**Q** 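A single structure is presented below for examination.
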Amino acid sequence: QVQLVESGGGLVPPGDSLRLSCKASSRTINTHTVAWFRQAPGSEREFVAAFKRGNSNPIYANSVKGRFDMSKDNAKDTVYLQMNSLKTEDTAVYYCAADCCLITSSLGIPTQYDYWGQGTQVTVAS
């Protein structure tokens with residue numbers, strides 16, 4: 001059973017930065033596709049970024065490309081989401097998700113992921 005625990009959310013003003021962490025159960029990072037999604041109130045869950053299984057180059061949603069940076073530490077079984085130049089529209093609950101068996105075209109589809117963390121709230125407001 002894969003377990004994912006997010007941390008690092010908070011309240012920051014526009015233009016500021018935050019780093020989210022997702023601690024996964026042992027070996028998950030090496031054997032699963034791991035992704036970040038977010039969900040704002042009244043909105044559907046939205047893809048943010050992902051490492052496809054076996055790949056070290058993250059894939060980003062257009063809305064965060066150039067501002068967000070996803071990284072991973074295999075030794076710590078942890079992925080990170082460095083969020084820079086935050087905007088009010090980045091306000092959402094951010095979730096970490098994992099799945100063993102996704103194809104590239106399914107990376108952005110939340111229903112394709114078997115495992116989810118509990119989420120961490122990010123609020124960008126002045």
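From a predicted model like this one, the values you see are computed outputs, not experimental measurements. Side-chain atoms are counted along with the backbone in the values below, which use heavy atoms only and exclude waters and symmetry mates.
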**Q** Are Lys65 and Tyr60 in a cation-pi setup, meaning NZ or CZ lies under 6.0 angstrom from the ring centre and within 45 degrees of the ring axis?
**A**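 No, Lys65 does not sit over the ring of Tyr60.
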**Q** For Leu107, is there any backbone N or O sitting under 3.5 Å from a side-chain donor or acceptor partner on Tyr113?
**A**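 Indeed, once roles are kept as given, a pair shorter than 3.5 Å links the two residues.
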**Q** Would the distance check show the side chain of Asn55 and the main-chain N or O of Lys52 forming a donor-acceptor pair, the cut-off being under 3.5 Å?
**A**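 Answer holds: no.
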**Q** What are the two closest heavy atoms between Ala125 and Pro14, and how far apart are they?
**A**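 In terms of heavy atoms, the two residues are closest at C-CD, 3.6 Å.
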**Q** Output yes when a side-chain donor or acceptor of Arg67 lies under 3.5 Å from a complementary backbone atom of Ser85, and no otherwise.
**A**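 Here the side-chain-to-backbone pair exists.
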**Q** Taking all atoms of both residues into account, what is the closest heavy-atom pair of Ser71 and Phe51, and its distance?
**A**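 The pair with the smallest heavy-atom distance is C-CE1, 3.5 Å.
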**Q** Check step by step if side-chain hydrogen bond (donor to acceptor under 3.5 Å, both in side chains) holds for Asp73 and Thr78.
**A** CA-CA 5 Å; Asp73 186 332; Thr78 301; over 6 Å; no
**Q** Are side-chain heavy atoms of Val34 and Lys72 found at a separation under 4.5 Å?
**A**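 A side-chain contact under 4.5 Å is absent here.
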**Q** Does Asp99 reach the main-chain N or O of Asp114 with its side chain, forming a donor-acceptor pair under 3.5 Å?
**A**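 Yes; at least one donor-acceptor contact below 3.5 Å.
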**Q** For Ser56 and Pro58, work out which heavy atoms get closest and say how close.
**A**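 Where Ser56 meets Pro58 most closely, the heavy atoms are O-CD, 3.5 Å.
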**Q** Could you tell me whether a side-chain N or O of Thr31 sits under 3.5 Å from a main-chain N or O of Arg27, the two making a donor and an acceptor?
**A**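 Judged by distance alone, yes, a pair lies under 3.5 Å.
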**Q** Of all the heavy-atom pairs spanning Ala92 and Gln121, show the shortest one and how long it is.
**A**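 Ala92 and Gln121 have their closest heavy atoms at O-NE2, 3.5 Å.
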**Q** side-chain contact (heavy atoms from CB on, under 4.5 Å), that's the test. Do Leu81 and Val48 meet it? Break it down for me.
**A** CA-CA 9 Å; Leu81 186 67; Val48 176; 4.0 Å; yes
**Q** Taking side chain as C-beta onward, heavy atoms only, is Trp36 less than 4.5 Å from Val79?
**A**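 Result yes, sub-4.5 Å side-chain heavy-atom pair found.
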**Q** Compare all side-chain heavy atoms of Val122 with those of Leu18 and state whether any distance is below 4.5 angstrom.
**A**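 With C-beta onward as the side chain, the pair touches.
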**Q** Distance from Glu44 atom CD to Gln39 atom CD, nearest 0.5 Å?
**A**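 Interatomic distance, Glu44 CD to Gln39 CD, rounded to 0.5 Å: 8.5 Å.
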**Q** Does CD in Glu89 sit with more than 12 non-hydrogen atoms of other residues, nucleotides or ligands closer than 6.0 Å?
**A**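 Yes - once you tally the heavy atoms of other residues, nucleotides and ligands closer than 6.0 Å, there are more than 12.
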**Q** Give the C-alpha distance, both sets of side-chain angles, the deciding distance and a yes or no for side-chain contact (heavy atoms from CB on, under 4.5 Å) between Asp90 and Phe68.
**A** CA-CA 11 Å; Asp90 295 317; Phe68 289 12; 3.9 Å; yes
**Q** Should Tyr95 and Leu20 be regarded as members of a common hydrophobic cluster, given that ILVMFWY residues are connected when their side-chain heavy atoms come within less than 4.5 Å of each other, either directly or indirectly?
**A**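 Hydrophobic grouping puts Tyr95 apart from Leu20.
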**Q** Do side-chain atoms of Thr120 reach the backbone of Gly9 as a donor and acceptor pair under 3.5 angstrom?
**A**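 Judged by distance alone, yes, a pair lies under 3.5 Å.
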**Q** Quick one: OG on Ser7 to NZ on Lys23, what's the gap to the nearest 0.5 Å?
**A**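 Going from the OG atom of Ser7 to the NZ atom of Lys23 covers 11.0 Å.
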**Q** Do Val64 and Phe47 sit in one hydrophobic cluster, given that two such residues count as connected whenever their side-chain heavy atoms are within less than 4.5 Å of each other, even indirectly?
**A**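 No; tracing contacts between hydrophobic side chains, which count when under 4.5 Å, never links both residues.
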**Q** Glu6 side chain to Cys22 main-chain N or O, any donor-acceptor pair under 3.5 Å?
**A**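 Here the side-chain-to-backbone pair does not exist.
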**Q** So among Thr104, Ile59, Ile103, Leu102, which one has a side chain to side chain contact (heavy atoms under 4.5 Å, CB included) with Thr33?
**A**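 For Thr33, the side chain to side chain contact (heavy atoms under 4.5 Å, CB included) check succeeds only for Leu102.
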**Q** Apply the test side-chain contact (heavy atoms from CB on, under 4.5 Å) to residues Ser63 and Glu46: give CA-CA distance (whole Å), side-chain angles for both, the deciding distance (0.1 Å), then the verdict.
**A** CA-CA 10 Å; Ser63 58; Glu46 175 191 21; 3.6 Å; yes
**Q** Please lay out, stage by stage, how Val2 and His32 fare under the test side-chain contact (heavy atoms from CB on, under 4.5 Å).
**A** CA-CA 10 Å; Val2 172; His32 288 66; 3.7 Å; yes
**Q** Go through it in stages, so that I can follow the logic: the residues are Thr28 and Ser25, the test is side-chain hydrogen bond (donor to acceptor under 3.5 Å, both in side chains), and I'd like the CA-CA distance, side-chain angles, deciding distance and then a yes or no.
**A** CA-CA 6 Å; Thr28 298; Ser25 43; 3.3 Å; yes
**Q** Looking at CG of Asp16 and OG of Ser126, how far apart are the two atoms once the value is rounded to the nearest 0.5 Å?
**A**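 Those atoms lie 12.0 Å apart.
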**Q** Show the nearest heavy-atom pair for residues Leu4 and Cys96, with the distance to one decimal.
**A**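 Closest approach of Leu4 to Cys96, heavy atoms only: CD1-O, 3.6 Å.
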**Q** Are the side chain of Ser21 and the backbone of Tyr80 linked by a donor-acceptor contact shorter than 3.5 Å?
**A**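 Such a contact is absent between Ser21 side chain and Tyr80 backbone.
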**Q** Please work out whether the ring planes of Phe37 and Trp116 are parallel, tilted or perpendicular, with thresholds of 30° and 60°.
**A**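 Rings of Phe37 and Trp116: tilted, 30 to 60°.
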**Q** Are more than 12 heavy atoms from other residues, nucleotides or ligands located less than 6.0 Å from atom CD of Gln3?
**A**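 No, the 6.0 Å shell around CD holds no more than 12 heavy atoms from other groups.
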**Q** Taking the six-membered ring of Tyr94 (Phe, Tyr or Trp), confirm whether the NZ or CZ of Arg38 is under 6.0 Å from its centre and within 45° of its axis.
**A**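 That pair does not qualify as a cation-pi contact.
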